[in-house]
Amino acid sequence: MITNKTLFDTVNGEPVYKLSLTNANKMTISCLSYGANWYELLVPTAAGPQNLLLNFAKIADYQTTNQYLNMSIGRVAGRIGKGRFKIGEHDYQVAPNERGNTLHGGPHGFNQINWDSTVVANQIIFTHQITSTDDSFPGDLDVTLTYTLTDDNQVLLDYNVLSHGETVFNPTNHAYFNLNAGDENIKNLELLLKSSHRLALDTEKIPTGKTLVNTDTPYGFETKKTLGAAIEGLQNIPEKGIDDVYLIDRHADNDPVAVLSDPDSNISVSIFSQRNAIVLFTANGFGPDQPYLTKTGQPYVGVALEAQTAPNAIFDHDYGDFSLQDGERQHYQTKYQIRF
Ligand code: FUC
């Protein structure tokens, strides 16, 4: 394994580091300390290394766009209506950052932190203690985020926390994939996603508590199809694409929950997760103002597949429970198997 840590940029006078790992097959991942960001996923091709992720040249670009591009997301992924929730009998209200609701951890989430970082053996490790003063969520949380690269081309993303006081914790990563080498959008890519139902959402995209059927609709990917086929079938809705919480069907532990593939190059990313949901977002409204390094900003420029616990678990424990008690530890892992 080849490791590296270099200065990438600065934020508020602090250094932002880029940390990288290269395995025996010349596959490289790199991360930024700002946002514990997954910056690159480089695979070797005849034409040279190809980045399967979207990225920007400098931190200011990450701060001026609101796409959470490849950011670590926490404490709670998705939207909390009016920032209000209960843990047991205790009511909480956290800071809003979108139409009075709290999206992706609110205005001071994981994506805004310049994390302590180190690269050791085959791991990039980020640590930070986020306090209730920092982000308005109850309790303090010791967080360790680890990206591991293996010689069989797997990337393991581990979230480990220890809670001081009761809190809620539902992290994810907002990686945007585009497996195309050229300057194309993701409509030609194929997706398999083991989900027959998705959450019903209101006009502010807050879960209503109901579910909707995906099977045999443009939303269904239980047998693989192109993202373009789904997007074409959704041109009559305001978003003209997908931004939805897919509930993962029962599956064997060692089966992927999602597989994204390029039928021409045979490059693919299989995602393994024990969480009960994946948010699928097809970058519907994106435009030319976004200065990606290897792609022109355009609708459908990338696709995010965000493994998490269904966000309505915050008010309905039939969908899981991501609250933590004082002194409790929690661990989640998302595994990405890359083929090229
Ligand atoms: C996804 C979507 C949101 C938002 C964000 C950047 O998680 O659900 O609507 O656009 O990403």
Side-chain angles (χ1 to χ4, degrees), residues 34-38 53-56 61-81 83 96-112 157 159 170-178 185-186 191 193 195 198-208 211-212 214 219 221 227 230-231 234 237-248 257-258 260 271 273 275-287 289-290 292 295 297-314 319 322 332 334:
Y34 186 77
N37 184 283
W38 189 0
L53 296 171
L54 299 180
N55 61 3
F56 292 132
D61 297 331
Y62 290 88
Q63 294 177 312
T64 52
T65 58
N66 62 354
Q67 314 166 343
Y68 296 84
L69 197 79
N70 306 355
M71 289 295 183
S72 291
I73 306 289
R75 303 185 198 192
V76 175
R79 294 175 173 85
I80 304 174
N97 58 339
E98 187 193 71
R99 296 191 279 186
N101 305 314
T102 301
L103 172 64
H104 292 335
H108 305 288
F110 286 6
N111 60 304
Q112 304 271 338
L157 184 37
Y159 305 85
N170 184 18
T172 192
N173 182 282
H174 214 302
Y176 286 85
F177 296 96
N178 186 332
N185 63 37
I186 48 84
L191 180 66
L193 179 54
S195 168
R198 68 189 185 281
L199 296 184
L201 305 174
D202 71 14
T203 54
E204 296 183 356
K205 303 207 76 79
I206 309 291
T208 63
T211 61
L212 297 165
N214 298 329
Y219 293 93
F221 293 95
L227 286 160
I231 288 166
L234 295 171
I237 63 165
E239 282 155 307
K240 299 192 189 314
I242 300 173
D243 180 3
D244 281 278
V245 184
Y246 281 71
L247 297 170
I248 300 304
V257 291
L260 180 69
I271 301 178
S273 160
R275 316 278 285 281
N276 65 0
I278 278 196
V279 170
L280 172 59
F281 180 48
T282 50
N284 311 314
F286 289 19
D289 53 320
Q290 293 151 8
Y292 303 111
K295 298 279 182 286
Q298 57 182 297
Y300 321 117
V301 63
V303 56
L305 288 151
E306 312 154 45
Q308 58 196 262
T309 306
N312 54 346
I314 204 157
Y319 290 85
F322 50 73
Y332 296 114
T334 311

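When a ligand or atom number is given, it counts from 1 through the structure's own listing order. Atoms considered below: every heavy atom in the structure, side chains included; atoms not considered: hydrogens, waters and symmetry mates.
With ligand atoms numbered from 1 in the order given, ligand 1 contributes 3 (C), 4 (C), 8 (O), 9 (O) to contacts under 4.0 Å with heavy atoms of R79. Of all atoms in ligand 1, numbered sequentially from 1 with element shown, those under 4.0 Å from a heavy atom of H174 are 1 (C), 5 (C), 6 (C), 7 (O), 11 (O). Close approach of ligand 1 to Y68 is summarised as follows: ligand atoms under 4.0 Å from at least one heavy atom of the residue are 6 (C). Annotation for ligand 1: atoms under 4.0 Å from non-hydrogen atoms of E306 are 1 (C), 7 (O). Interface atoms of ligand 1 facing H104, defined by a heavy-atom separation under 4.0 Å, are 1 (C), 5 (C), 7 (O), 11 (O).
A283 pairs by the side chain to side chain contact (heavy atoms under 4.5 Å, CB included) definition with Y176, F286, V301, not counting sequence neighbours. For R198, the side chain to side chain donor-acceptor pair (under 3.5 Å) test picks out N214, with sequence neighbours left out.
The protein non-hydrogen atom at the shortest distance from atom 2 (C) of ligand 1 is D243 OD1, 3.0 Å. Looking from atom 10 (O) of ligand 1 to the surrounding protein, the closest heavy atom is F281 CZ, 3.6 Å.
Put simply, the side chain of Y246 never gets that close to the backbone of L280: no donor and acceptor are under 3.5 Å apart. No donor-acceptor pair closer than 3.5 Å links the side chain of H174 to the backbone N or O of L69.
We find that E204 and R79 are not joined by a salt bridge, their nearest charged nitrogen and carboxylate oxygen being 4.0 Å or further apart.
Under the 4.0 angstrom criterion for non-hydrogen atoms, N66 is in contact with ligand 1.
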task = Evaluate the side-chain hydrogen bond (donor to acceptor under 3.5 Å, both in side chains) criterion for residues Q290 and Y292: first the C-alpha distance (whole Å), next the side-chain angles of each, then the deciding distance (0.1 Å), finally the verdict.
result = CA-CA 6 Å; Q290 293 151 8; Y292 303 111; 3.2 Å; yes

